[in-house]
Amino acid sequence: MWFLHVFVVTAVLQWSVVTGEDQTDQFTLSLCRVWEECLEKATDNNLDHAELGTPEAICGDFLDMLEKHGVDCGTLQGPLQDLKTAGVEQVLSSVQPHPGGEEQQHESTDDEEETNIGEQGYKQHLPRNSPANTDNLWRGNHFDDCSEIHTAQAMFGQIASGVFSIKPAHVNDPISVYCDQTTDGGGWTVIQRRFDGSLEFFRKIGAYQGGFGDSSGEYWLGLDNIYHITAQNAYELYIELEDWSGNVKFARYSSFSVGPGDDYALSVGGYSGTAGDGFYLTGSYTNNGMKFSTRWYDRDTDSGSMAEYFGGGWWYGSGSRSNLNGPYFRDTDEFNINNGHSVYWYTFNNNPFYSLKKTKMMVRPTDFSTRVANMRQGKK
Ligand SMILES: [Ca+2]
């Protein structure tokens with residue numbers, strides 16, 4: 001029953017924009033109607049997951065989201081209009097995971113300019129000729145990142161990791177991402193993930209800018225997307241790494257952002273974790289402040305090309321002690337003689353020749369934990 005409200009709100013958003021009639025009014029009325037129903041239902045003790053907070057706390061969080069998108073329920077006048085719910089099934093992807101998962105096998109391609117945009121079936125939700133001034137309305141139909149999806153899921157008691165569509169500010173089309181909703185409380189937008197070596201990462205700048213791979217498999221989300229996501233708020237970075245013996249370690253940075261093109265400079269700080277500071281915040285081999293280099297796109301501080309040398313795309317300086325987009329080796333590939341040109345994070349085991357099995361880089365707004373705590377506060 002709780003999901004129904006999200007279905008309604010997304011369906012109404014789509015319908016109201018497409019019709020073009022009284023767009024803002026219908027949009028606002030519909031959202032506020034859902035909010036009122038949220039209060040109504042929650043007050044009726046119809047909440048399946050009371051541990052998420054009081055009705056006021058839960059619906060209040062939804063209200064915060066409405067206000068963020070410019071919807072003011074306090075200025076409404078007149079009767080609420082009937083809601084049209086046509087196309088409900090087609091918009092479920094806004095709040096439900098798309099099919100697919102980590103264990104799924106995927107074929108990689110060598111298409112340098114390939115991106116994953118449009119492969120998850122969400123483009124059908126967009127009008128064919130969306131006027132520029134409806135951008136804000138359309139952003140209301142999507143979430144800025146996986147932390148907002150987590151908030152919406154928590155409201156409806158259905159928290160789950162999986163593939164979702166998000167639409168960060170100033171990104172033209174929705175993008176498909178994998179949301180990790182379990183690690184350290186969830187809310188993580190995965191920007192890079194490797195676990196079986198099925199995807200080629202030695203690509204040119206165009207591929208790294210737009211992204212490549214499949215959000216339900218191995219992928220790189222794209223520098224432009226990462227830039228826009230991390231420009232929305234203050235973000236932290238969580239890197240999870242696993243070796244071929246099943247040891248899992250993490251490196252966490254309390255601040256993380258990627259600058260705009262053409263440099264896509266790395267800004268990172270505040271290390272903590274168990275995998276060590278592979279970005280070397282201090283020292284001559286630091287990645288902090290470095291520009292992004294790829295094959296045939298040398299922006300490093302070395303006279304040669306570190307991207308060619310290490311075989312990946314990364315924030316290389318005059319060298320690097322990390323190379324998570326490097327060539328993938330399996331434990332049967334005798335990677336101990338690879339001279340370090342692999343998927344490595346030097347401080348993981350202080351072995352520059354060790355190629356990791358799994359990598360996952362993900363970002364989350366730094367105020368996420370505070371938001372969740374506030375949401376649950378009403379219970380105490
Ligand atoms: Ca160079």
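Fair warning: this is a prediction, and the values are worked out from it, not measured in the lab. As the structure lists them, so they are numbered: ligands from 1, and atoms in each ligand from 1.
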> T347 and D277: side-chain donor and acceptor closer than 3.5 Å?
Replying inline: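 Per modelled atom types, T347 and D277 side chains form no pair under 3.5 Å.
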> Any donor-acceptor pair under 3.5 Å linking the side chain of E218 with the backbone of G197?
Replying inline: yes
> Does the ring centre of W220 sit less than 6.0 Å away from the ring centre of F292?
Replying inline: yes
Which donor-acceptor pairs under 3.5 Å do side chains of residues 260-268 form with protein atoms, sequence neighbours excluded?
from, atom 1, to, atom 2, distance (Å)
D263, OD1, R299, NH2, 2.3
Y264, OH, Q209, NE2, 3.0
Y264, OH, D224, OD1, 2.7

>> What verdict does the side chain to side chain contact (heavy atoms under 4.5 Å, CB included) test give for T366 and S254, after you've listed the backbone C-alpha separation in whole Å, the side-chain angles of each residue and the deciding distance to 0.1 Å?
In response: CA-CA 7 Å; T366 54; S254 61; 6.0 Å; no
>> Which label fits F256 and W315: parallel for a plane angle under 30°, tilted from 30 to 60°, or perpendicular past 60°?
In response: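 If you compare the ring of F256 with that of W315, the planes turn out perpendicular.
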> What protein N/O/S atoms sit under 3.0 Å from the Ca ion (ligand 1), by chain and number?
Replying inline: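 N, O, S partners closer than 3.0 Å: D298 OD1, D298 OD2, D300 OD1, D302 O, G304 O.
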